[in-house]
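All chains are named by letter (A, B, ...) in the order of the sequence lines, taking the proteins before the strands, and each is independently numbered beginning at 1.
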Protein chains: 2
Amino acid sequence: MDKTKKERLAAAGWRAGDAGEFLDLSTEEAAFVELKLALADYLREVRSRNGWTQAQVARRLGSSQSRVAKMEAADASVSIDLLVKALLGLGASRTEVGNVIAKPA
Amino acid sequence: MDKTKKERLAAAGWRAGDAGEFLDLSTEEAAFVELKLALADYLREVRSRNGWTQAQVARRLGSSQSRVAKMEAADASVSIDLLVKALLGLGASRTEVGNVIAKPA
DNA sequence: GAAGGATATGTCAGAATTGACATGGCGTCA
DNA sequence: TGACGCCATGTCAATTCTGACATATCCTTC
């Protein structure tokens with residue numbers, strides 16, 4: 001199973017329980033994917049909490065609706081850098097970002 | 001002042017106090033750089049705590065000594081993804097990474 | 001069930017990141 | 001002084017990421 005497929009699957013429906021349950025993710029790979037999912041989920045939460053559309057968020061960040069959708073889906077083409085920059089750009093603090101990453105879902 | 005120069009300066013000697021003191025970093029840019037510096041510093045700490053050389057760490061991570069040096073220097077060519085993967089690869093937990101990011105230096 | 005707004009997915013050219021190599025600097029030891 | 005180990009910096013080809021566009025899928029509301 002290639003890396004793309006793994007991230008795709010993980011991003012798709014494996015937020016219940018540990019990602020990498022019967023996927024062949026090493027523990028570090030699983031931790032990485034989970035960390036990314038946590039940020040993606042939080043991004044969506046911040047957006048909906050403020051009643052924004054993906055297009056509005058995209059405008060704020062100087063990006064596009066499709067990329068915001070991919071961010072929220074933790075798509076394989078989205079980096080942690082992008083997610084962190086997006087959260088900071090929407091007003092989240094460094095501490096807030098850290099807590100999202102640290103907290104076990 | 002361009003982005004590269006800013007990160008370079010910040011990475012060089014501005015860990016005392018807030019980066020972006022008299023640099024023209026916006027608050028989000030400053031938060032991003034500080035976050036990156038925190039991870040870089042922690043990487044160096046983990047390495048020295050274990051008594052490893054940069055070359056040894058590089059071997060463990062499947063990278064090179066020069067890239068590890070750049071990671072620890074929070075070089076502009078280093079992504080947060082790379083820093084996070086490095087820390088996880090050296091045995092740090094997701095929570096540990098989150099705490100490093102969250103803690104106000 | 002057509003229309004419209006919102007979100008999802010595929011693709012791609014341009015930009016950014018990465019491992020590797022070369023080389024330079026620094027401290028230590030003989 | 002020279003040799004050696006460790007860290008820093010510059011460069012670059014290959015890979016990966018990103019914004020943008022096109023298009024598809026969902027929901028509501030009428």
Side-chain angles (χ1 to χ4, degrees), chain A residues 2-13 15 29 32-33 35-37 39-41 43-90, chain B residues 2-13 15 29 32-33 35-37 39-41 43-90:
Chain A
D2 69 346
K3 193 184 161 204
T4 301
K5 183 76 171 300
K6 283 187 296 191
E7 288 211 29
R8 186 49 70 53
L9 277 176
R15 41 202 66 192
E29 284 170 330
F32 187 79
V33 172
L35 190 154
K36 205 163 144 183
L37 283 173
L39 291 173
D41 286 349
L43 176 61
R44 192 186 295 264
E45 186 187 320
V46 167
R47 177 172 69 82
S48 69
R49 176 167 43 220
N50 288 90
W52 293 326
T53 66
Q54 291 182 342
Q56 286 175 315
V57 167
R59 232 169 295 128
R60 264 169 204 269
L61 302 176
S63 183
S64 62
Q65 177 271 322
S66 59
R67 188 128 299 271
V68 173
K70 280 163 201 186
M71 289 185 215
E72 293 185 352
D75 187 276
S77 79
V78 171
S79 70
I80 297 215
D81 289 64
L82 188 62
L83 287 167
V84 168
K85 280 177 183 162
L87 287 172
L88 294 176
L90 294 183
Chain B
D2 69 345
K3 194 185 161 203
T4 301
K5 183 76 171 300
K6 283 187 296 191
E7 288 209 30
R8 185 48 70 53
L9 276 175
R15 40 202 67 192
E29 284 171 330
F32 187 78
V33 172
L35 190 154
K36 207 164 141 180
L37 282 173
L39 291 174
D41 286 349
L43 177 61
R44 192 186 294 266
E45 186 188 319
V46 167
R47 178 173 69 82
S48 69
R49 177 168 38 221
N50 288 90
W52 292 326
T53 67
Q54 291 181 342
Q56 286 175 315
V57 167
R59 235 169 294 127
R60 264 169 204 270
L61 302 176
S63 183
S64 61
Q65 177 271 323
S66 59
R67 189 127 299 272
V68 172
K70 280 163 205 196
M71 289 185 214
E72 293 185 354
D75 188 274
S77 80
V78 171
S79 70
I80 297 214
D81 289 65
L82 188 62
L83 287 168
V84 168
K85 281 177 184 162
L87 287 172
L88 295 177
L90 294 184

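- What separates CZ of B:R44 from P of D:dC6 is a distance of 15 Å, to the nearest Å.
- Going from atom CG of B:N50 over to atom P of D:dC6 covers 16 Å, rounded to whole Å.
- Considering only residues two or more places apart in sequence or on other chains, B:S79 meets the side chain to side chain donor-acceptor pair (under 3.5 Å) condition with none of them.
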Where protein sits on nucleotides 18-24 of chain D, one letter per nucleotide: B base, S sugar-phosphate only, - none, heavy atoms under 4.0 Å: BBBB---

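- Rounded to whole Å, atom C1' of D:dT15 lies 12 Å from atom NZ of B:K85.
- The closest donor-acceptor contact from the side chain of A:D75 to the backbone of A:S77 lies under 3.5 Å.
- Of all heavy-atom pairs spanning B:S64 and B:A58, the tightest one is C-CB, 3.3 Å.
- Between the two ends of the helix from C:dG1-D:dC30 to C:dA30-D:dT1, each summarised by a five-pair axis, the helix axis turns through 30° (rounded to 10 degrees).
- The CH2 atom of A:W52 sits 18 Å away from the C1' atom of C:dT7 (whole-angstrom rounding).
- At whole-Å resolution of the value, CD in B:Q54 and C1' in C:dT23 are 15 Å apart.
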Distances for protein N or O near nucleotides 25-30 of chain D N or O, under 3.5 Å:
none

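- Side-chain contact check for A:L90 versus A:L43: some heavy-atom pair is nearer than 4.5 Å.
- Atom CG of B:L87 sits about 9.5 Å away from atom CE of B:M71, to the nearest 0.5 Å.
- Between A:D75 atom CG and C:dT7 atom P the separation is 17 Å, expressed in whole Å.
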Under-3.5 Å N/O pairs linking protein and nucleotides 3-5 of chain C:
none

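- Looking only at distances, no side-chain donor or acceptor of B:K36 sits under 3.5 Å from a matching main-chain atom of B:L83.
- Among residues at least two apart or in separate chains, salt bridge (charged side-chain N to carboxylate O under 4.0 Å, His left out) pairs with a member in residues 45-63 of chain B are B:E45-B:R49, B:R47-B:E72.
- A heavy-atom distance below 4.5 Å is not found between the side chains of B:L61 and B:R67.
- The shortest non-hydrogen separation linking A:D81 to B:I80 is OD1-N, 2.8 Å.
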